[in-house]
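Notes for the one structure printed next.
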Amino acid sequence: MSGSSLAQSFATDNKLITLDHRPRAYANKGSPAAETVRFRRFHVVPSERRLLCDGHPVEIGGRAFDLLLILLNSRGMLVTKDEIVSYVWPSTVVDESNLRFQMASLRKALGEDRDVIKTIPRRGYLFVTEAAEREPSERGAQPDARLGGRAESSAENPLIAVIDDDDATREALDGLLKSVGWRVETFASVQAFLNGVPKCTPNCLILDVWMPGRSGLDFQTDLVSVGLDVPVIFISGQADVPMSVRAMKAGAIEFLTKPVRHEELLAAISLAVGSSVRSP
């Protein structure tokens, strides 16, 4: 069974309007690069420093608004922490915790659409492009004969599939995720997943990058090629910036480096499945 046939067994149109999209040529805060910038449900009015959601004003602080502008101005490309700091806090020395706080404020303002901002570990942030927010496949996903009669996953009791060739990692993640109330199935490779597909559609895939046989990135490509919208979270002990950018631009929820911090992984999964963790 191939990755494509699995993808077909799983059953946003989000338009972005250009904000003077010149790589690394950031607009001055006082000089709007466009009258209105649109993404998903939002309108950004740089000249008035306003953010609207479905036509209604959204409360957002000045620093968070500056963060949004610089990310929009370089969407689809990594914006380093140094570039952000020099734009948002010119001629000022700031602690990285301040940047994290303002980024959290921006994501809070975006609400359920916060996933347009991706974190590139230890480097910076990425605003996903229109290409990454793909429309559903026109092929029409058809259930594989071997998977007939599968039940749908429940949002109240989501299923997390972990694909990692390291035994200790699989065991640790299995215990962690079950302790907070999620169902978990683990696999040592992509092929093992394909040979033993869960009885219902996973709500989230946790993929290692480097594995025997098909890599996690290649498997993500298989899923994207047929328009399968299963949230993917990558974990890797041997990641580099091009690799993480590739994963994020293809729609990954998060890209975490090993050893993975439990709180970061749980937060990413909660975002992916739309379900809060419960106390262990």
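The shown structure was predicted, so the numbers you read here are calculated from the model rather than taken from an experiment.
With rounding to the nearest 0.5 Å, the separation of OG in Ser244 from NZ in Lys249 is 11.5 Å. Atom CD of residue Gln191 and atom CD1 of residue Ile163 lie 10.5 Å apart, to the nearest 0.5 angstrom. Going from atom CG of Asp165 over to atom OG of Ser215 covers 11.5 Å, rounded to the nearest 0.5 Å. Note: Ile117 CD1 to Leu72 CG = 8.5 Å, rounded to the nearest 0.5 Å. If you take CH2 on Trp182 and OG on Ser270, they are separated by 3.5 Å, rounding to the nearest 0.5 Å. The CZ atom of Phe39 lies 9.5 Å from the CG atom of Leu71; values are rounded to the nearest 0.5 Å.
Residues Leu177 and Ile206 have side chains in contact (heavy-atom distance under 4.5 Å, counting atoms from C-beta outward). Contact annotation: the side chain of Arg183 never approaches that of Ile160 to less than 4.5 Å [non-hydrogen atoms, C-beta and beyond]. Within the 4.5 Å cutoff, the side chain of Leu207 has no heavy atoms near those of the Ile235 side chain. In this structure, the side chains of Thr36 and Val44 stay at 4.5 Å or more apart for every pair of heavy atoms. Under the 4.5 Å side-chain criterion, counting only non-hydrogen atoms from C-beta, Thr169 is not in contact with Val260. Asn73 is not listed as a side-chain neighbour of Phe127, based on a closest heavy-atom distance of 4.5 Å or more. The shortest distance between side-chain heavy atoms of Glu185 and Val162 does not fall below 4.5 Å. Here the side chains of Leu69 and Pro46 are in contact, with some heavy-atom distance below 4.5 Å.
Shown here for Arg41 and Cys53, the closest heavy-atom pair between the two residues is NH1-SG, 3.3 Å. Across all non-hydrogen atoms, the minimal contact from Met248 to Leu126 is CB-CD2, 3.4 Å. Taking both residues in full, the closest heavy atoms of Ala64 and Gln102 are given as N-OE1, 3.6 Å, listed atom of the first, atom of the second, then distance. Taking all atoms of both residues into account, the shortest heavy-atom contact from Ile84 to Ile70 is CA-CD1, 3.9 Å. For the pair Val230 and Pro202, the tightest heavy-atom approach, listed with the atom from each and the gap, is CG1-O, 3.8 Å. Contact detail for Trp89 and Leu99: the closest heavy-atom pair is CH2-CA, 3.9 Å.
One N or O on the side chain of Arg63 and one on the backbone of Val88 form a donor-acceptor pair closer than 3.5 Å. The backbone N or O of Ala252 sits less than 3.5 Å from a side-chain atom of Lys118, completing a donor-acceptor pair. Not a single donor-acceptor pair under 3.5 Å links the side chain of Arg246 to the backbone N or O of Met243. Put simply, the side chain of Asn203 never gets that close to the backbone of Val273: no donor and acceptor are under 3.5 Å apart. Between the Thr80 side chain and the Glu83 main chain, a donor and an acceptor come within less than 3.5 Å of each other. Of the possible polar contacts, one joining the Gln220 side chain to the Ala247 backbone as a donor-acceptor pair under 3.5 Å is found. The closest donor-acceptor contact from the side chain of Arg170 to the backbone of Thr186 lies at 3.5 Å or more, if one exists at all.
The pair Asp115-Arg40 meets the salt-bridge criterion, with a side-chain N (NZ, NE, NH1 or NH2) lying under 4.0 Å from an Asp/Glu carboxylate O. With salt bridges taken as basic N to acidic carboxylate O contacts below 4.0 Å, one links Lys258 and Asp208.
Evaluation of the side-chain contact (heavy atoms from CB on, under 4.5 Å) rule for Lys108 yields no partner, not counting sequence neighbours. Applying the ring-ring contact (aromatic ring centres under 6.0 Å, His included) rule to Tyr125 yields no partners; only residues at least two apart in sequence or on another chain are considered. Residues that satisfy the side-chain hydrogen bond (donor to acceptor under 3.5 Å, both in side chains) test with Asp174, not counting sequence neighbours, are Lys178. Every residue two or more places apart in sequence or in another chain was checked for a side-chain contact (heavy atoms from CB on, under 4.5 Å) with Glu171, and none qualifies. Applying the side-chain hydrogen bond (donor to acceptor under 3.5 Å, both in side chains) rule to Ser189 yields no partners; only residues at least two apart in sequence or on another chain are considered. With sequence neighbours excluded, no residue satisfies side-chain hydrogen bond (donor to acceptor under 3.5 Å, both in side chains) with Asp82.
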query: What's the verdict on side-chain contact (heavy atoms from CB on, under 4.5 Å) for Leu173 and Asp164, showing C-alpha distance, side-chain angles and the deciding distance?
result: CA-CA 10 Å; Leu173 293 183; Asp164 194 303; 5.6 Å; no
field: Residue pair Leu176, Leu266: steps toward the side-chain contact (heavy atoms from CB on, under 4.5 Å) verdict
entry: CA-CA 9 Å; Leu176 171 67; Leu266 295 178; 4.2 Å; yes
- request: Decide yes or no on side-chain contact (heavy atoms from CB on, under 4.5 Å) for Met103 and Leu67, but give the supporting numbers first.
  value: CA-CA 7 Å; Met103 188 61 70; Leu67 282 176; 4.2 Å; yes
- request: For side-chain contact (heavy atoms from CB on, under 4.5 Å), just list the numbers for Phe234 and Ile253, CA-CA rounded to whole Å, side-chain angles, deciding distance to a tenth of an Å, and then say yes or no.
  value: CA-CA 8 Å; Phe234 278 100; Ile253 294 292; over 6 Å; no
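The 12-atom threshold is exceeded at CD of Glu263, counting heavy atoms of other residues, nucleotides or ligands nearer than 6.0 Å. For Arg261, the CZ atom is loosely surrounded, since the number of other residues' heavy atoms within 6.0 Å does not exceed 12.
Considering Leu217, Val209, Leu256, Thr257 as possible partners of Ser236, the one that fulfils the side-chain contact (heavy atoms from CB on, under 4.5 Å) test is Val209.
The hydrophobic clustering, which links ILVMFWY residues whose side-chain heavy atoms are closer than 4.5 Å, places Ile60 and Phe101 apart. In the hydrophobic clustering of this structure, Val116 does not group with Leu52; members are Ile, Leu, Val, Met, Phe, Trp, Tyr whose side-chain heavy atoms approach within less than 4.5 Å, directly or through other members.
With no hydrogens or angles considered, no side-chain donor-acceptor pair links Asp218 and Thr221 at under 3.5 Å.
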